[in-house]
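Written out below as structure tokens is the structure these notes cover.
Just so you know, residue 1 is the first one in the sequence shown, and it goes up from there. Because only heavy atoms are used, hydrogens play no part in the values below, and waters and symmetry mates are left out as well, while side chains stay in. Not measured: the values here are computed from a predicted model.
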Amino acid sequence: MSDEGAPTLPEVRRVRPGDCLSLCRCGRSSTLPDCPAECLSGLSLQPVREQWLLLCRCAGSTRLPYCDGSHVAAAGSFGAKWRRFWRGR
């Protein structure tokens, strides 16, 4: 089975106090969701509590560095949304 055309899924990342992250907001990083140190548009994040982040890796999100679901086409109906949720398609 080929993965051509398969969406690039988001990264679920656990962050803790003391972590220091630089996350991409422009979508041009070759290491999404991380941002290279020389990039001036990166988001510096230093969490104050433990949490899980859903980070974009497809560069299509309008809320970079966070995933907004842009990597999949919109489901047309409630039934289609339910099937996607239940079956993972």
Side-chain angles (χ1 to χ4, degrees):
M1 180 175 198
S2 174
D3 284 340
E4 282 185 34
T8 301
L9 298 177
E11 177 182 327
V12 178
R13 186 180 294 182
R14 181 187 210 173
V15 295
R16 297 181 172 115
D19 290 351
C20 193
L21 305 168
S22 180
L23 302 173
C24 181
R25 290 191 296 186
C26 65
R28 294 188 301 262
S29 173
S30 62
T31 58
L32 282 172
D34 297 306
C35 192
E38 63 273 5
C39 182
L40 300 176
S41 66
L43 171 68
S44 292
L45 184 66
Q46 295 178 346
V48 295
R49 64 180 174 85
E50 185 174 317
Q51 57 188 321
W52 294 89
L53 301 177
L54 189 61
L55 300 171
C56 178
R57 292 189 316 141
C58 73
S61 176
T62 57
R63 300 183 57 234
L64 283 171
Y66 307 105
C67 178
D68 67 359
S70 296
H71 56 276
V72 294
S77 66
F78 177 76
K81 290 177 186 176
W82 180 253
R83 281 189 296 280
R84 179 179 288 169
F85 171 77
W86 188 250
R87 296 183 189 146
R89 296 182 221 161

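For the atom pair Cys58 SG and Asp68 CG, the distance stands at 7.5 Å (nearest 0.5 Å). Here the CG atom belonging to Leu55 is positioned 10.0 Å from the OG atom belonging to Ser61, to the nearest 0.5 angstrom.
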| said: Could you walk me through whether Ser22 and Cys35 satisfy the side chain to side chain contact (heavy atoms under 4.5 Å, CB included) test, starting with their C-alpha distance in whole Å, then the side-chain angles of each, then the deciding distance to 0.1 Å, before giving a yes or no? | reply: CA-CA 5 Å; Ser22 180; Cys35 192; 3.6 Å; yes
| field | Residue pair Asp19, Arg13: steps toward the salt bridge (Lys or Arg N to Asp or Glu O under 4.0 Å) verdict | value | CA-CA 12 Å; Asp19 290 351; Arg13 186 180 294 182; over 6 Å; no
| Between Leu53 and Gln51, is a side chain to side chain contact (heavy atoms under 4.5 Å, CB included) present by the stated rule, with each step listed? | CA-CA 7 Å; Leu53 301 177; Gln51 57 188 321; 4.3 Å; yes
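Looking at every heavy atom in both residues, Gly27 comes nearest to Leu32 through O-CD1, 4.1 Å. Here the closest heavy-atom approach between residue Cys56 and residue Pro33 is recorded as O-CB, 3.4 Å.
Environment of CD in Gln46: sparse, with no more than 12 heavy atoms of neighbouring residues, nucleotides or ligands closer than 6.0 Å.
Both Leu54 and Trp52 sit in one connected hydrophobic cluster of ILVMFWY residues. Membership requires side-chain heavy atoms under 4.5 Å apart, directly or through other members.
Residue Leu64 belongs to no hydrophobic cluster, having no ILVMFWY side-chain heavy atom closer than 4.5 Å to its own.
Using a distance-only test at 3.5 Å, with no hydrogens or angles considered, a donor-acceptor pair links the side chain of Arg57 to the main chain of Leu9. With hydrogens and angles ignored, the 3.5 Å screen pairs no side-chain donor or acceptor of Ser41 with any backbone N or O of Arg25.
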